[in-house]
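The structure appears right after this line, and notes come after that.
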Amino acid sequence: QVQLVESGGGLVQAGGSLRLSCAASGRTFSSYAVGWFRQAPGKEREFVACISGRGGSTDYADSAKGRFTISRDNAKNTVYLQMNSLKPEDTAVYYCAAKTGPIATPLLPRYDYWGQGTQVTVSS
């Protein structure tokens, strides 16, 4: 069982940056791949980025490439999402999710544990 808690969301102007954190419980955090997803009002939840259990492999949605960076510190049981050059269309609730097994995937149904989400609002 893994419990996830996101933090770091907030209100930022377009062009600004935020760093989201996802803190996890459990002793074998490196056994889990982690993904970030987001859901804007009236839209389906969508993939943003994911990272393998030991951090050696990452993947990004096209909308995130070149602007967002996912990383993890397994000693701290934490995954980060650094978001730069934010745009109003990045406004959404951002969720982190953990998948049993270390191989990362952008496929939402593969993720077993979800956090409560953190709101990111980008003003124009």
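Counting begins at 1 with the first residue of the sequence.
When hydrophobic side chains of Ile, Leu, Val, Met, Phe, Trp and Tyr are connected at separations under 4.5 Å, L11 ends up as a singleton with no cluster partners.
Partners of T28 according to the side-chain contact (heavy atoms from CB on, under 4.5 Å) rule, which considers only residues two or more places apart in sequence or in another chain, are S31, Y32. Here T121 pairs with Q119 under the side chain to side chain donor-acceptor pair (under 3.5 Å) rule; sequence neighbours left out. By the ring pair (Phe, Tyr, Trp, His ring centres under 6.0 Å) test, Y111 is found to be paired with F37, residues two or more places apart in sequence or in another chain being considered.
Every pair passing salt bridge (Lys or Arg N to Asp or Glu O under 4.0 Å) that includes a residue from residues 36-53 is listed here, sequence neighbours excluded: R38-E46, R38-D90. Legend: side chain to side chain donor-acceptor pair (under 3.5 Å) pairs involving residues 50-62, not counting sequence neighbours, sorted by first then second residue: D62-K65. Every pair passing disulfide (SG to SG under 2.5 Å) that includes a residue from residues 95-124 is listed here, sequence neighbours excluded: C22-C96. Within the structure, no pair that satisfies the side chain to side chain donor-acceptor pair (under 3.5 Å) test touches residues 4-14, not counting sequence neighbours. Legend: disulfide (SG to SG under 2.5 Å) pairs involving residues 25-84, not counting sequence neighbours: none detected.
Within the 4.5 Å cutoff, the side chain of F29 has no heavy atoms near those of the T78 side chain.
Residues Y113 and V2 share a closest heavy-atom pair of CD2-O, 3.5 Å.
Under the 4.5 Å side-chain contact rule for hydrophobic residues, V120 and V34 share a cluster. Note on L18 and V48: same hydrophobic cluster, where clusters join Ile, Leu, Val, Met, Phe, Trp and Tyr whose side-chain heavy atoms are under 4.5 Å apart, directly or indirectly.
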Show me the donor-acceptor pairs within less than 3.5 Å that the side chains of residues 98-110 make with the rest of the protein, sequence neighbours left out.
residue: K99; atom: NZ; partner: I103; partner atom: O; Å: 2.8
residue: T100; atom: OG1; partner: D112; partner atom: OD2; Å: 2.9
residue: T105; atom: OG1; partner: L107; partner atom: N; Å: 3.2

Listed pairs under 3.5 Å, donor-acceptor, residues 79-89 side chains, sequence neighbours left out:
residue: Q82; atom: NE2; partner: N84; partner atom: OD1; Å: 2.9
residue: N84; atom: OD1; partner: S17; partner atom: OG; Å: 2.9

Applying side-chain contact (heavy atoms from CB on, under 4.5 Å) to I70 and W36, what does each step give before you reach the verdict?
CA-CA 8 Å; I70 189 171; W36 284 98; 3.6 Å; yes
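No donor-acceptor pair closer than 3.5 Å links the side chain of R72 to the backbone N or O of N77.
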